[in-house]
2 protein chains.
Amino acid sequence: MKKVEFKSKGYELISSVAKAMGNPHRLELLELLANGPKNVEELRREARMTLTNTSNHLQILKQLKLVKARRQFTSIYYRLADETIISLLKALHITAFRQLVELKHTIGQFRQQYGTDRAVIAELPATDYILLDVRPAVEYRHGHHRGAINIPHNQLGKSMVQLDKGKLIVAYCRGELCTLADEVVQQLNAAGFRAVRLAEVVMMKSA
Amino acid sequence: MKKVEFKSKGYELISSVAKAMGNPHRLELLELLANGPKNVEELRREARMTLTNTSNHLQILKQLKLVKARRQFTSIYYRLADETIISLLKALHITAFRQLVELKHTIGQFRQQYGTDRAVIAELPATDYILLDVRPAVEYRHGHHRGAINIPHNQLGKSMVQLDKGKLIVAYCRGELCTLADEVVQQLNAAGFRAVRLAEVVMMKSA
DNA sequence: TTTTTATTCCAGTATTCCATGGAATACTGG
DNA sequence: CCAGTATTCCATGGAATACTGGAATAAAAA
């Protein structure tokens with residue numbers, strides 16, 4: 001193999017991984033899976049895509065060995081093929097955030113419109129706040145921020161009473177583009193709690 | 001802005017950064033710039049692309065704020081816009097390497113065909129080897145591996161005499177797909193030295 | 001001011017990618 | 001074996017991307 005051919009083929013292959021993340025739907029699917037395995041219907045629902053399209057994109061990701069599939073009874077469950085993919089997704093977010101003013105602006109504007117303040121927990125005494133994971137319980141079990149408790153966003157109504165009104169509630173969900181924590185923060189503040197959203201990007205490990 | 005619109009726009013923007021790396025030519029341009037600023041003609045030559053195509057891709061990268069341009073006399077010099085891009089490129093390589101058997105196979109086969117052995121310097125006593133940077137001097141000055149000396153690959157002939165035949169020569173260049181170190185290792189071994197290629201992925205910081 | 005050099009832009013062509021609807025397939029359960 | 005459910009595959013049309021040659025532009029140099 002000539003040097004030029006070697007280099008060409010190498011870049012072709014490496015760039016194909018980047019290309020996989022270059023479609024917004026596939027990127028979202030990867031990030032949903034970073035938070036834990038899901039079946040096709042769950043992914044379809046969370047990403048608000050058609051079933052055919054969801055499956056099409058999953059085949060592309062599978063072909064590139066970024067995800068793995070496993071049948072459990074009548075459902076096919078997908079999961080990330082390797083934990084380095086989480087590091088890659090994080091690095092992509094970090095660069096996109098630093099370089100794209102429009103992205104920063106879009107998120108800042110949305111958070112402001114929603115009235116969601118943010119907190120950096122490293123700056124807070126541990127006794128002053130509660131870290132609240134508002135993702136579905138199965139994702140919490142799969143991996144969560146150390147010290148976090150779990151109240152799935154759709155169970156907040158009945159579980160809110162568990163929370164200490166004397167402490168700041170710092171909520172997080174699946175990442176910067178996930179709005180579950182925004183909803184929860186809004187509901188908690190309306191109920192007389194002091195709640196904000198976690199400032200750091202959180203992306204979980206796979207099993 | 002509705003939540004669904006917010007999420008859509010967010011993924012559109014973030015995936016555009018991945019899409020930028022999704023073309024093998026643009027990926028190569030980014031990696032060349034990770035090793036130091038270069039003008040359009042230098043990039044064209046190293047990447048073996050047409051001038052028009054090189055410039056086209058640089059415009060795309062500039063638009064996404066991944067690179068910055070600056071005129072110096074009659075030449076336009078490009079450089080990476082931020083150091084996080086190097087981390088992103090590294091993360092992409094790591095994932096591609098772990099997931100794509102074909103990539104590993106392609107590189108392994110090329111290195112074997114070239115007869116290039118590899119060494120992990122962490123496993124060697126510091127007194128037993130010389131770390132040799134074979135990139136152009138301007139790239140060495142821009143940033144290099146700690147403890148490395150520089151002999152640009154095209155000056156090996158007259159500079160080889162500086163090297164200690166009693167030590168193992170561990171050469172590196174711009175990364176896994178760069179073949180400068182393979183050439184140098186081959187020439188050194190033919191001249192009676194003991195030379196190998198550095199095993200780790202090396203990607204340099206920008207200024 | 002004119003010429004030269006380096007680079008970018010434009011329009012056309014070819015190729016690749018994406019989403020869709022419907023058909024096909026791969027299972028499980030009875 | 002059949003029915004039901006979940007998922008994948010196929011062919012299509014349209015959108016997006018990539019590359020090219022030549023023109024245009026933006027400087028520096030004479």
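Numbered from 1 within each chain, the chains take letters A, B, ... in sequence-line order.
K3(A) meets the salt bridge (charged side-chain N to carboxylate O under 4.0 Å, His left out) test with E183(B); sequence neighbours excluded. In this view, E176(B) and R118(B) satisfy the side-chain hydrogen bond (donor to acceptor under 3.5 Å, both in side chains) rule, not counting sequence neighbours. With sequence neighbours left out, the side-chain hydrogen bond (donor to acceptor under 3.5 Å, both in side chains) criterion links E41(A) to R44(A). In terms of the ring-ring contact (aromatic ring centres under 6.0 Å, His included) criterion, Y77(A) has no residue partners (sequence neighbours excluded). Not counting sequence neighbours, the partners of K7(B) by the salt bridge (charged side-chain N to carboxylate O under 4.0 Å, His left out) test are E28(A). With sequence neighbours excluded, no residue satisfies side-chain hydrogen bond (donor to acceptor under 3.5 Å, both in side chains) with K167(B). Residues meeting the side-chain hydrogen bond (donor to acceptor under 3.5 Å, both in side chains) test with K38(A), sequence neighbours left out: E139(A).
Distance, L58(B) CG to dC9(C) P: 11 Å, rounded to whole Å. The distance between atom CG of N53(B) and atom P of dT20(D), rounded to the nearest whole Å, is 5 Å. Between the CG atom of L51(A) and the C1' atom of dG21(C) there is a distance of 12 Å, given to the nearest Å. Atom-to-atom, CZ of R70(A) to C1' of dC27(C) comes out at 16 Å; the value is rounded to the nearest Å. Atom-to-atom, NE2 of H57(A) to P of dT7(D) comes out at 17 Å; the value is rounded to the nearest Å. In this entry the distance linking CG of N39(A) with P of dT28(C) reads 15 Å, nearest Å. Atom CD1 of I76(A) is separated from atom C1' of dC9(D) by 14 Å (rounded to the nearest Å). Between the CD atom of E41(B) and the C1' atom of dT8(C) there is a distance of 15 Å, given to the nearest Å.
Within residues 16-32 of chain A, the residues that have a heavy atom under 4.0 Å from DNA chain C are, in order of number, K19(A), N23(A), H25(A), R26(A). Heavy-atom distances under 4.0 Å link DNA chain C to no residue of residues 3-13 of chain A.
Within the 3.5 Å criterion, the main-chain N or O of A148(B) finds a donor-acceptor partner in the side chain of Y140(B). Although no hydrogens or angles enter the test, the distance criterion places no donor-acceptor pair under 3.5 Å between the side chain of T179(B) and the main chain of D182(B). A donor-acceptor pair under 3.5 Å is formed between the side chain of Y172(B) and the backbone N or O of H145(B).
Counting heavy atoms from C-beta on, the side chains of L156(A) and V134(A) never come closer than 4.5 Å. The side-chain heavy atoms of I169(B) and L131(B), taken from C-beta on, include no pair separated by under 4.5 Å.
Base pairing in DNA chain C yields stems of at least 3 consecutive Watson-Crick or G-U pairs, both distances under 3.5 Å, namely C:1-30 with D:1-30.
Side-chain N/O atoms of Y77(A) include none lying less than 4.0 angstrom from OP1 or OP2 on dA6(D).
Within the structure, the side chain to side chain donor-acceptor pair (under 3.5 Å) test picks out the following pairs touching residues 91-103 of chain B (sequence neighbours left out): K9(A)-E102(B), D82(A)-R98(B), T84(A)-T95(B), E31(B)-H93(B).
Looking at heavy-atom distances under 4.0 Å, S55(B) makes contact with a base.
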What does the list of N/O pairs under 3.5 Å between the protein and nucleotides 21-30 of chain D look like, with a distance for each?
from	atom 1	to	atom 2	distance (Å)
dG22(D)	O6	T52(B)	OG1	3.4

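Listed nucleotides dT7(D), dT8(C), dC18(C) differ in distance to I60(A); the shortest reach to its side chain belongs to dC18(C).
Atom CD of Q63(A) sits in a sparse spot, with 12 or fewer heavy atoms from other residues, nucleotides or ligands closer than 6.0 Å.
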